[in-house]
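Lettering follows sequence order; numbering is per chain, from 1. Keep in mind the model is a prediction, meaning the values are calculated, not measured. The analysis underlying the following values was restricted to heavy atoms, covering all of them including side chains, and did not include hydrogens, waters or symmetry mates.
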Amino acid sequence: MALEGSQKATNFIREIIDEDLRTNKYDGRVYTRFPPEPNGYLHIGHAKSICLNFGIARDYNGLCNLRFDDTNPTKEEVEYVESIKEDVRWLGFDWNDREYYASDYFDQLYEYAIQLIKKGEAYVCDLSADEVREYRGTLTEPGKESPYRNRSDEENLELFERMKNGEFPDGSRTLRAKIDMSHPNMNMRDPVMYRILHASHHRTGDKWCIYPTYDWAHGQSDSIEGITHSICTLEFADHRLLYDWFLDELEIYHPQQIEFARLELSYTVMSKRKLLQLVEEDYVKGWDDPRMPTISGLRRRGYTPEAIRYFADRIGVAKRENMIDVALLEDSLREDLNKRSPRVMAVLRPLKVVIDNYPDDKIEELDALNNPENPNMGSRKIPFSKVIYIEQDDFREVPPPKYFRLSPGNEVRLRYAYIIKCVDVVKDKKSGEVIELHCTYDPETKSGSSQSQRKVKGTIHWVSAAHAVNAEARLYDRLFMIEDPSGDNWRDFINPNSLVVLTTCKLEPSLATAKPQDRFQFERLGYFCVDYDSTPKRFLFNRTVTLRDTWTKIEKAAKS
RNA sequence: UGCCCGGUGGUGUAAUUGGCAACACACUUGACUCUGGAUCAAGGUAGUCGAGGUUCGAAUCCUCGCCGGGCAGCCA
């Protein structure tokens with residue numbers, strides 16, 4: 001794929017791996033994992049992590065596991081594991097049979113916990129959640145030791161087993177690591193390893209009523225799988241000390257955790273909580289609404305996996321927080337779509353044009369290139385007749401400076417057809433709105449004919465009225481009006497015009513057979529794809545992204 | 001106020017690990033064009049958070065500051 005490999009992507013993580021390879025730290029192995037929690041849909045930020053982890057495995061002849069971090073049955077659901085698998089696969093990555101779950105290791109984790117109890121390094125604590133918080137101390141003050149901290153190993157073993165057997169109610173006890181209540185790193189102040197949760201788990205059912213916490217499960221899962229480089233986001237950096245502590249105390253294989261900065265994208269939100277709120281509060285129509293930064297949303301919008309991977313390569317990986325301009329995402333998309341999309345003519349906001357001097361019943365079949373940049377994509381015929389539609393934007397009764405399109409007395413070229421001249425404007429008597437144009441055409445100027453090489457400034461797209469296919473187009477724009485809508489009042493910045501629906505679009509007839517997810521470039525307008533909900537009766541197109549639009553810039557500049 | 005992590009143009013990421021700050025996006029201008037697209041060409045924008053120090057030489061090393069972020073879930 002042309003988009004990939006065009007950038008030699010190196011970063012601090014690859015440098016660490018190079019060094020580990022050089023010193024033979026892991027016998028030449030490179031083994032990563034992508035560990036989503038199945039409690040929501042994947043978004044573009046996860047795509048960065050997926051491309052990082054799977055990309056490293058690919059480039060170093062290593063492996064990357066897909067591992068669901070399913071240690072909290074109260075939040076996780078199978079629906080999410082299915083969507084996650086679909087998204088990772090769609091992005092173009094394959095974990096073969098290495099589909100793992102933290103819950104696969106619950107038995108092993110239980111055994112490990114017993115080992116720690118026997119070493120005197122874990123204990124059953126009867127403090128309530130509130131009490132644990134009080135005893136923990138604050139950022140600046142040390143905590144106090146739990147009164148249950150010095151139980152005998154026998155008592156701990158017995159109580160822990162009874163916890164597992166379901167003899168105690170939720171929240172009544174926990175298993176905690178015995179480390180240091182005055183440690184400057186809060187994670188080391190006797191962190192909870194197990195909590196009691198009488199909840200049934202999507203994989204283990206009712207087998208367990210105690211569940212391991214993230215800190216207790218993650219590192220040991222990495223170890224069991226033989227991961228070499230456990231790559232996670234910055235907020236886990238403080239946990240690395242604990243990650244190392246567990247592995248060292250257990251004296252088991254020790255992977256290394258490396259943290260990088262998560263992706264932030266301008267004009268959108270990335271937190272699962274806010275994404276969920278957008279869905280639940282009906283700002284969007286679902287997780288796969290094309291305005292959502294979710295993988296499923298981008299897919300429905302018409303993004304290609306290649307574009308997303310290319311984007312991931314281009315943004316790099318580092319430890320400083322960053323805010324990537326959506327323009328880079330859109331540029332990555334256009335780069336890909338420009339090469340692969342067949343071009344087609346479609347009129348979004350139709351304006352009727354009658355060509356007065358064109359014979360009433362004549363129909364010509366004109367040749368149009370499917371992609372002028374790639375002759376291999378062939379050509380097609382498009383019908384031309386006396387009555388056509390053009391874009392309302394392509395006519396101005398009073399043309400502004402540098403306006404190259406149609407206006408009274410002025411000429412434009414109809415793409416792949418003739419040069420026409422506007423001779424009359426018909427307006428609605430009440431509203432004064434322009435409802436129809438009368439033009440004449442110059443028969444000497446037919447496209448492809450060598451007779452006339454007459455040039456005009458503008459070329460516009462059109463669709464023959466009698467042959468047009470009706471369609472609905474959904475024009476999407478950024479979801480937020482400001483670059484950084486983080487903060488509590490983020491809802492105030494939701495773009496009210498993030499979706500504009502046009503129901504009277506006219507398409508050239510070749511589009512009649514388009515199927516959901518088919519992608520096209522509507523000439524001069526942008527890239528569009530057929531929506532999943534499209535039916536022959538109600539033909540639906542999503543605008544994936546507009547073409548670069550220098551005219552809008554010129555116009556804006558003129559106004560200011 | 002404890003601990004951890006960061007600070008290079010408008011935005012990201014680089015800099016052969018101490019050798020005269022590069023690439024991409026964005027922006028501006030022009031060429032070309034039957035897509036105001038694509039393409040091509042040109043251009044502006046940082047002396048690398050600050051102050052000291054080491055050195056022939058510092059974005060890279062040292063010291064002291066300043067600024068931003070994270071951590072007090074039985075969430076991950």
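- Contact of A/E373 with B/G37 (side chain to base): a donor-acceptor pair of N or O atoms is detected under 3.5 Å.
- Summary of the strand contacts: A/L328 and A/L197 both lie near RNA chain B, and taking for each the nucleotide with the nearest heavy atom, the more 5' one is attributed to A/L328.
- The cationic atom of A/K319 (NZ for Lys, CZ for Arg) does not lie both less than 6.0 Å from the six-membered ring centre of A/F260 and within 45° of the ring axis.
- Taking only side-chain nitrogens and oxygens, A/T71 comes nearer than 4.0 Å to OP1 or OP2 of B/A76.
- Among B/A76, B/G36, B/C25, the nucleotide with an atom closest to any side-chain atom of A/D331 is B/C25.
- Here the separation of B/C61 from B/U8, taken at their P atoms, is 15 Å to the nearest Å.
- A/R176 comes within contact range of no nucleotide atom at all, as no heavy-atom separation falls under 4.0 Å.
- Ion pairing of A/D190 with A/R136 is absent here, as no side-chain N (NZ or NE/NH1/NH2) approaches a carboxylate O to less than 4.0 Å.
- Taking 90° from 0 as the syn/anti boundary, the base of B/G7 is oriented anti.
- A cation-pi geometry, defined here as NZ or CZ lying under 6.0 Å from the six-membered ring centre and within 45° of its normal, holds between A/R478 and A/Y267.
- The phosphate of B/U13 has OP1 or OP2 within less than 4.0 Å of a side-chain N or O from A/R320.
- Looking at heavy-atom distances under 4.0 Å, A/F236 makes contact with a base.
- For the residue pair A/S223 / A/Q220, no side-chain donor-acceptor distance below 3.5 Å is found, with atom types taken as modelled.
- A glycosidic torsion no more than 90° from 0 defines the syn conformation; B/G9 lies beyond that range and is anti.
- Phosphate contact (OP1/OP2 of B/G36, side-chain N/O of A/R524, threshold under 4.0 Å): present.
- Close to B/U39, at under 4.0 Å from its OP1 or OP2, lies no side-chain N or O of A/R334.
- Among A/H461, A/R405, A/K506, the single residue meeting the side chain to side chain donor-acceptor pair (under 3.5 Å) criterion with A/E391 is A/H461.
- Comparing A/L234 and A/N322, the nucleotide of RNA chain B nearest to each residue sits closer to the 5' end for A/L234.
- Going from atom CG of A/L329 over to atom C1' of B/U13 covers 16 Å, rounded to whole Å.
- Between A/R195 and B/C75, a side-chain N or O to OP1/OP2 separation shorter than 4.0 Å is present.
- Of the candidates B/U28, B/A76, B/G12, the closest approach to any side-chain atom of A/K553 belongs to B/U28.
- More than 90° away from 0 lies the glycosidic angle of B/U8, which makes this nucleotide anti.
- Residue contacts for A/N11: at a heavy-atom cut-off of 4.0 Å it reaches the sugar-phosphate backbone alone, with no base atom in range.
- Across all strands, A/H183 comes closer than 4.0 Å to no nucleic acid atom at all (heavy-atom distances).
- Nucleotide B/A41: paired with B/U29 (Watson-Crick or G-U wobble, both distances less than 3.5 Å).
- Across all strands shown, nothing is found opposite B/A15 as a Watson-Crick or G-U wobble partner with both distances under 3.5 Å.
- Comparing atom distances between the A/Y403 side chain and each of B/C74, B/G37, B/G36 picks out B/G36 as nearest.
- Across B/A24 and B/A14, the matching P atoms stand 16 Å from one another, rounded to whole Å.
- Here A/T550 reaches the OP1 or OP2 of B/G37: one of its side-chain N or O atoms lies under 4.0 Å away.
- In this structure, A/R314 does not reach the B/A26 phosphate: none of its side-chain N or O atoms is under 4.0 Å from OP1 or OP2.
- In this structure, A/R173 satisfies the cation-pi test against A/F168, with its NZ or CZ atom closer than 6.0 Å to the six-membered ring centre and inside 45 degrees of the ring normal.
- Nucleotides B/G44 and B/A21, compared at atom P, are 14 Å apart to the nearest Å.
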